[in-house]
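First the structure, in the form of structure tokens, and then the observations on it.
No hydrogens, no waters, no symmetry mates; every other heavy atom, side chains included, goes into these values. What you see is a predicted model, and the numbers here were worked out from it, not measured in a lab. Per chain, numbering begins at 1; letters A, B, ... match sequence-line order.
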Amino acid sequence: MTQTSDAPDVLVEVTDLEVYFPIKSGIIFDRTVGHVRAVDGVDLSIRRGETYGLVGESGCGKSTLGKAILNLEPPTAGSVVFDGTDIASLKGEDLRHARKRFQMVFQDPMSSLDPRQTVESLLLEGLRAHGLDTDTDATRARLRELMSDVGLPVAALSKYPHEFSGGQRQRIGIARALSVGPDLIVADEPVSALDVSIQAQVINLLQDLQDKLGLTYLVVAHDLAVVRHISDRIGVMYLGALVEESGGAELYDVPLHPYTRALMSAVPVPDPQVEDTREQILLTGDLPSPANPPSGCRFHTRCPWKQETLCDTERPQLRVVEVSGASDSHRVACHFAEKIASGEIQRHEVEATITTPGFGGPDAGPTAPPEAYIGV
Amino acid sequence: MDDNTGPSRRPTLGDRRKERIDALATAGTVVDEPGKSLLRSAWERLRRDPVFLVGAAITLVFVVLAIISPWIAPWDVTANPLIDKVRPQSNPVPGPEPGHLLGADDRGRDLFSRLLVGSRQTLVVGVFATLLGLLGGITLGALAGAIGGFVDTVVMRIVDVMLSFPALLLAFTIASLAREPSQWTLIIAIATTQVPIFARLLRGSMLAQRSSDHVLAARSLGVRPRAIVFRHMLPNAMGPVIVQATLSLATAIIEAAALSFLGLGNPDQRQPEWGQMLGLAQRYISEAPHLAFYPAGCIIVVALGFTLMGESLREALDPKSRR
Amino acid sequence: MTQATQHSSRPGAGSSEPLLSVRDLRVTFQRQGEEEFHAVDGVSFDVRPGQTVGLVGESGCGKSVTSLAIMGLLPGRGNRVSGSAIFDGEDLLTLSPSAMRDRRGSEIAMIFQDPLSSLNPVISIGRQVTEVMERHQGLSRKQATPKAADLLERVGIPDPKARLLNYPHQLSGGMRQRALIAMALACNPRLLIADEPTTALDVTIQAQILALLKELVVDTGTALVMITHDLGVVAGLCDEVNVLYGGKVVERGGRHGLFRDPRHPYTVGLLNSIPRLDAARGDKLSPVPGSVADNLPWTAACAFAPRCSNAIDPCTAETPQWEGDQVVGFRCFNPMGGTR
Amino acid sequence: MLRFVVRRILQMCLVAFVLSMLIFVWLRSLPGGPVSAILGERQTPARRAALEAALGLDQPLHVQYLRFLERASQGKFGVSTKVLPGEDALQVFLDRLPATVELSLLALFLAIALGIPLGYMAARRHGSAVDTGAVIFSLVGVAVPVFFLAFLLKYFFAVEWNLLPVSGRQTTGLDATRVTGMFVLDGILTREWDASWDAFKHLILPAVALASIPFAVIFRITRASVLDVLDEDYVRTAEAKGLTARVVRGRHVLRNAMLPVVTTIGLQVGGLLAGAVLTESVFSYRGIGDALATAFREKDYAVLQVLILMGAVIFVLVNLLVDIAYALIDPRIRTR
Amino acid sequence: ADSERSDDGGGEGGGGDGTFVFGAAGAPEMFDPFYATDGETFRVTRQMFEGLVGIEPGTAEVVPELATEWTPNDDGTEWTFTLRDDVTFHDGEAFNAEAVCYNFERMFDQNEAGQTAGEYWGYVMGAFSNDAENSLYQGCEATGEFEATVSISGPTSGFPTMLSLESLSMQSPKALEEGDANGIAAEGEGFSFPAYANAPVGTGPFTFGEYDEANGTISLARNDDYWGDAAQTSELVFRVIPDESTRRQELEAGSINGYDLPNPVDWAGLEEDGNSVEVRDPFNILYLGLNGEGNPALKDLNVRKALYHTLNRDQLVSTQLPEGAAVATQFMPDTVSGYNTELEPYAYDPEEAKRLLAEAGAEDLTLNFAYPTEVSRPYMPDPEKIYEALRTDLEAVGITVNVKTASWNGGYLDNVTAGKYDAYILGWTGDYDSPFNFVGTFFGNLKENDFGTEAYPWGKQLADDLKAADAVVDDAERGAAFETINQQIMDEYLPGLPISHSPPALVVGPGVEGVVPSPLTAEEFDSVSVGGE
Ligand SMILES: Nc1ncnc2c1ncn2[C@@H]1O[C@H](COP(=O)(O)OP(=O)(O)OP(=O)(O)O)[C@@H](O)[C@H]1O
Ligand SMILES: Nc1ncnc2c1ncn2[C@@H]1O[C@H](COP(=O)(O)OP(=O)(O)OP(=O)(O)O)[C@@H](O)[C@H]1O
Ligand SMILES: [Mg+2]
Ligand SMILES: [Mg+2]
């Protein structure tokens, strides 16, 4: 484990971050009738050199949070202080220049590479945008270095993305992120589109690069095992907010939030013996709509430990709890975390409720016919 | 590298394994096969597609004819060698005779030559109308797609209104707005009908590009917005537009014919154009239907050529239809 | 054919007669102007009533094509299927289309990966369930409706009566997958083929669906062919596991045996590639190097040889033969462990 | 749903208002005008001026438009100068409407009845000779000028084989009772079967000519749409359920494939109105298209204004209906 | 309902029962000829109405109709009409001098809208009651039961010939009164007409039946109380068939019995099929208008003459115009009195033309030469074809032609009036047999004419001469005066270049008899009978 020293050197400090997407509707002119609360009040800090993992179910706002941290999705409220500057309030050229310090790696290695650019021009683009390509020889050397960093032959520079396999494309994506020499890399599901063997290759690569370049990672994934494998600290997200945060091993050993427990127990392990004996906490129902989140604790509708009081009225804040095995960097947002840990509160059945996906978007008209025929 | 924490034992791999990993990782051979470029595989498919080949052949013949017709036409299209044979009642359109394969029109001009040379105007109108339409459509679509927001709303409302007008009616309106009809009125009128189609198409694919990861990636790299639009969004969004342009050529030719048939074309009717020839033929439809038949046939065949080509191009480029 | 294996005990594998017996299944795609491509290259396996058989492998190894070939659902043109798939004494591959239609949905049912796109968006859930019963059990729509509600209830959809009237878009991903399963179960099929039924779902939902499938197999004695690329899923669910690579089964075993003592380097590689929740952080994973694109043709070599850390000379010169029987075995010149 | 309808109707009003202004300005900015249409060769500057003054055309454009609005607010849309002089333009429209409705309905019916099955067939046999043949046939439908097609139809069916009447709406001298103005319907309502039959015979040829373009469009959309749907996962699911081919085809493929087709049909109404201009003229069919052609040629401003505006309104209304119909087929919209 | 075809009526001669169905190219505007302006309306009203004077069938000659005779006073300002005494209107009202004067006063006394709408009255009479001193018409007096005296402000060649105009027909005073015939009003951009406009009551051989607007048919019934010979068919139907080739097909299918303006191309074919094409004598003139204002070179008479010599009008007439068309020698057809038979057509002589141009220093003359689209007139069935021929001739002598065009109602006429073209093609169809109706229309109004004669030194002279000639009371004298003027126009002025006269035709199907083609396209169908198949 590469835990940093006692005096944490914080690289990114996220305070009270909110990202709301307006839902528009209206008779003649659209007006906002509600919001999708994709990210709904997140506090977190990422230390220099660490890997922070973010897990949660699909649609809980992981990607949005990741993008908001990089100001690729303008936050509705809150601040993101990156090494002393508030990125969330940056705009235009300032923001563009600041981007040199933080980069992103995407989930789908194909769609995140412009199919019409050679690898070389893909990589050069970042250099150019930040005026790093002044010297031709140095640039060439830099490109070579990048390629060898991500384990691709130099010959690949002149090829197009479609000429590579999935894993290789992801390497190109990583090289692109590295090209401008960032401190922070936000990786949004960097391996979930890949086959297991390729996935492992990329995970290894990410780790190697971190060791070599001293990078800080924010890794977003829905696969708890992957996150657990690469992260120093893990944040568990549910419906736009963090419900638990702790060191990786500790989270596995002492999960405090009911949701974390359920999540943990749901991950299948490729070992029949474990599988046969594993106790599963089966959640009922699905993630509620972020456009209309439940009151109080967001998880109370599915929580097997839900209590009559508090849960559906008051929204729990992240806090450090006194539970054996939990360190003081372990925070959880549950009113009854201690009682659940001590066994005082027992699990019970939950009646499933139906969650209707989607949210009243604007009146979508009928699908248009193929455009090509309109002219006839 | 041992997995002592894991509950099950796993065989450790031999030394060769490390070698192999290293070798492969550094060599990382670039594979050619799996992602054969869409264009290349499309071409492979097209090369064997009889529909495409027929379409392309028709188009090619037409284009070549249009280019060389003035030199190979047996007669000057403005001359009226058979004028003295024309008698409004007894011989309104002189029939075929040696030297005049298809006879003459109602002013004694060689019909075959006019048909041949007519391809030229038709091509010019079709191509320029499509080009202009492309230009307008790309501008509007790119504006809407790149800027978004209010600009998008306004541009798209306009485009929707234009789209809801039947194309021919719209073209007719535009053409009739011109104080003096000319070939350019015709071209502009038809281009106008194409603009909303291209604009919507481009805007749609621009929007798709805008929310695509590779654009987001460029943005996160700090690439300047203008470069994003011109280097990433536009080139990638152009595919469907190009295919549509092929199909639009057919529509443009048909529309041009219809408009000049209605008398909105080049006022100088000496230069032959198929639609205008059709229009003239209308007076003789009872007595000399062949006068209408030839240009109508030409229009159909050429439109067919472009359509077949465009359709198969579209199918070839559409990954969905690659079953 | 003997039943005994040294590795696994088989709950529910009571009957000795296989319900489905796939032998030497080959599917060849031939697209205009392209070379022949063997998507499935001689796959054989058996499925017994009440048994869950897993087909695992990386993307493109032919899992889906295998299942579609058995169901007779491969897209119309450009493919050739050979071999046999004996179901209940009849070869499904040679059945007439109409006879096949009679079997599909009643005796053999299938669940697909993407629950949204696999449901017809404009037809209510209820109708989509009842139409199977109308078709195969000769019920009227009226008669079928209460049964459909029961079915939905059985697959764990709350308030089933109301759900019957819902459309797919009104349900969440998990509910949709349940509805699909309800459709598959409508006529109590004897064989259920599930092609990556949980890949599109979240882990918590996946757990729900897997629990449901497990329960079904136990309760009804339905045989289940589980297609997945997730070895974790296989470990929890399957009695027998077939590992596919490049269109061939490269290893087969009971789940306990296979996970404890994998023989084929590919299986080992897969296992080593998976980060485990119960493992410590920081250990390097040991993945299979390279990618599927490096494959060699099976006809003259072991397709896996270029990626194989155990490869020896014959690997690139001959096709490895199946070592073992219909219950356990592998296809390798230089297997791991080497106890055999 | 209701909100959706209200929204669309309000939008339509807005569009109609803006359109009325555009049309107003457009017409008056065209060269020429009703004055030359009325005076012809006898036109002199003085007579022109007198007539313009009498018709109020000498006023500044905005004054004219305000006057127009004022009259329109009283339900008067101006008086026809040439199409049916002295008649209120709205009345002209209402008089001509039934004829065009009757004709368009039949044409649309023909286009649908032919286009959808053929499109489906072509898609099922994608790439075969049947498919290519159908595509070519549809293209001919688009590319053949209406007058030429009309001539051929009339020549063979009316003149040579004497099966159908050449033109018009009803045989002259036939003493039929008029109720709705749709002659076929009138005949049915009054039980004058021969009148109805006679009117129907008059409809066939123009309807065929008018249907040629919508047919081609519907055919091509159907084909493309069926091709798309055949690829969908849910069709495979339906097959996996062992449903009969008929059910798969009807309930699963066609129903989904119809969605874009329905929209197209709505869009075709605009095309039908445009197509009616030529078709009605060559078949001496007294409908809106014929009125529009005359009004344009003779610069009958009031009639042109009303016809274009009403055409747009009809178009929007039909598309509203189509959208409602669409919502009925597509629960994704209905249950929103 | 009765679905009998229209063509199976019997042809038993006088008072037969047949129905004559005529294919009209356009719909009538209304049925009060006074406010009407177009031929399609007049064609219908002509069958129901009669004027004081009529036109001899087949000619342009004025003959007695409702008046049996008329005599002017010496200075030609008072005209006494002796009326028929055996005439009643369709509504049973008696036709007498009072009715005549009622009609004149009705026409004279128009409100503001009526003054604009009463186009023909304004055209021939010059003014209405509110501007009485400028009006040709000064009053009408019933000097006996069947004798009416009409006074006019001065003598003119047009009076009383102009009374043969359809617009000036006699209508039933009672019906006029009841139908509020003068209650025309300007509304919006048009005129709204009183009820009478759709319920016409005249004295003619046919009475108004109904206008089936929805089907585009107008049916008239035989007037059994007609004072003259009763119509040969019991019903007369006009069917509106705008498309030319459709009219032909309808005729071929036997569903109409005749139609107007058959395409010259079809004449032969129609005849072959057993129809008869009745060619009318040309009563029109096609000319090439020139505008010296726009192009000063054209102010030179030699240049205009040169242009005239370039035109190969013989070829034009023989190859582009229907048989029976003739090369024009002056601005009127030979059927009009005052036609100068001595005039010879300008010869086709490109060499001479070149010489004249060179002499005038206008070798590289450039002309903005225009033709109208979307129109077909009796004098130019297909303007573009004629234009093309003329243009070819002009270009042959080295003149540069800029092609200009606009649609007839879409700016062409306006541009001609506004002098926007250097050269243009236009023409005129006579309203009645009067030389002034031709040359007077062209050059009589100095301020406002398309030829811009005001700018020429002789312009005023010509206008004055024309007025003087028109005021000559004696027919022969007047004819001579106009002949002189015609000669001057052609030899000395040449304000424009008269091209040709074209004969319009009409065609009737087999079995139809009694159609007498009229140069004025003023056929009366009461004499038409419809035979069997
Ligand atoms: N541009 C947008 N407009 C409106 N809603 C959005 C937008 N982007 C995301 N959302 C909504 O915000 C919520 C969070 O989305 P987000 O993509 O962050 O989830 P996620 O946790 O990354 O899910 P996944 O695992 O599926 O990627 C979802 O409900 C999503 O529908
Ligand atoms: N209709 C087809 N035509 C041609 N090739 C096909 C077709 N369907 C599948 N294939 C090919 O067959 C191979 C096996 O495909 P299959 O879908 O069975 O893989 P899979 O194991 O199910 O993979 P995944 O995990 O991605 O679903 C692939 O290489 C695929 O490209
Ligand atoms: Mg995401
Ligand atoms: Mg698959």
(message) Heavy-atom count check: over 12 atoms from other residues, nucleotides or ligands less than 6.0 Å from Lys420(E) NZ?
(response) no

(request) Please flag which part of Tyr371(E) lies under 4.5 Å from any non-hydrogen atom of chain B: side chain, backbone, both or neither. (result) side chain

(request) Begin with the C-alpha distance, continue with both residues' side-chain angles, and end with the deciding distance and a verdict on salt bridge (Lys or Arg N to Asp or Glu O under 4.0 Å) for Arg391(E) and Asp268(B). (result) CA-CA 11 Å; Arg391(E) 175 188 171 198; Asp268(B) 183 354; 2.7 Å; yes

(message) Please rank Leu321(E), Thr392(E), Asn263(E), Thr373(E) by heavy-atom pairs under 4.5 Å with chain B and give me the top one.
(response) Asn263(E)

(message) Is Glu244(E) close to chain B through its backbone or its side chain, or both, or neither, when contacts mean heavy atoms under 4.5 Å?
(response) neither

(message) Would you say CZ of Phe128(B) has more than 12 non-hydrogen atoms from neighbouring residues, nucleotides or ligands within 6.0 angstrom?
(response) no

(request) Answer with side chain, backbone, both or neither: which region of Asn91(B) has an atom nearer than 4.5 Å to a non-hydrogen atom of chain E? (result) neither

(message) If I compare all heavy atoms of Asp382(E) with all of Arg107(B), which pair ends up nearest, and what's the gap?
(response) OD2-NH2, 4.4 Å

(message) Show the nearest heavy-atom pair for residues Thr319(E) and Ile83(B), with the distance to one decimal.
(response) CG2-O, 3.3 Å

(message) Does any backbone or side-chain atom of Ser407(E) lie under 4.5 Å from a heavy atom of chain B? Answer side chain, backbone, both or neither.
(response) neither

(message) As an exercise, state the distance from OH of Tyr284(B) to CG of Asp266(E), rounded to the nearest 0.5 Å.
(response) 10.0 Å

(request) Decide yes or no for Asn80(B) and Glu388(E): does some side-chain heavy atom of the first lie under 4.5 Å from some side-chain heavy atom of the second? (result) no

(request) Pick one of side chain, backbone, both or neither for Glu395(E), based on which atoms fall under 4.5 Å of a heavy atom in chain B. (result) side chain

(message) What I'd like to find out is whether the side chain of Gln276(B) reaches to under 4.5 Å of the side chain of Glu384(E), using heavy atoms alone.
(response) no

(request) Would you give the length of the straight line joining atom CZ of Arg87(B) to atom CD of Gln320(E), rounded to the nearest 0.5 angstrom? (result) 10.0 Å

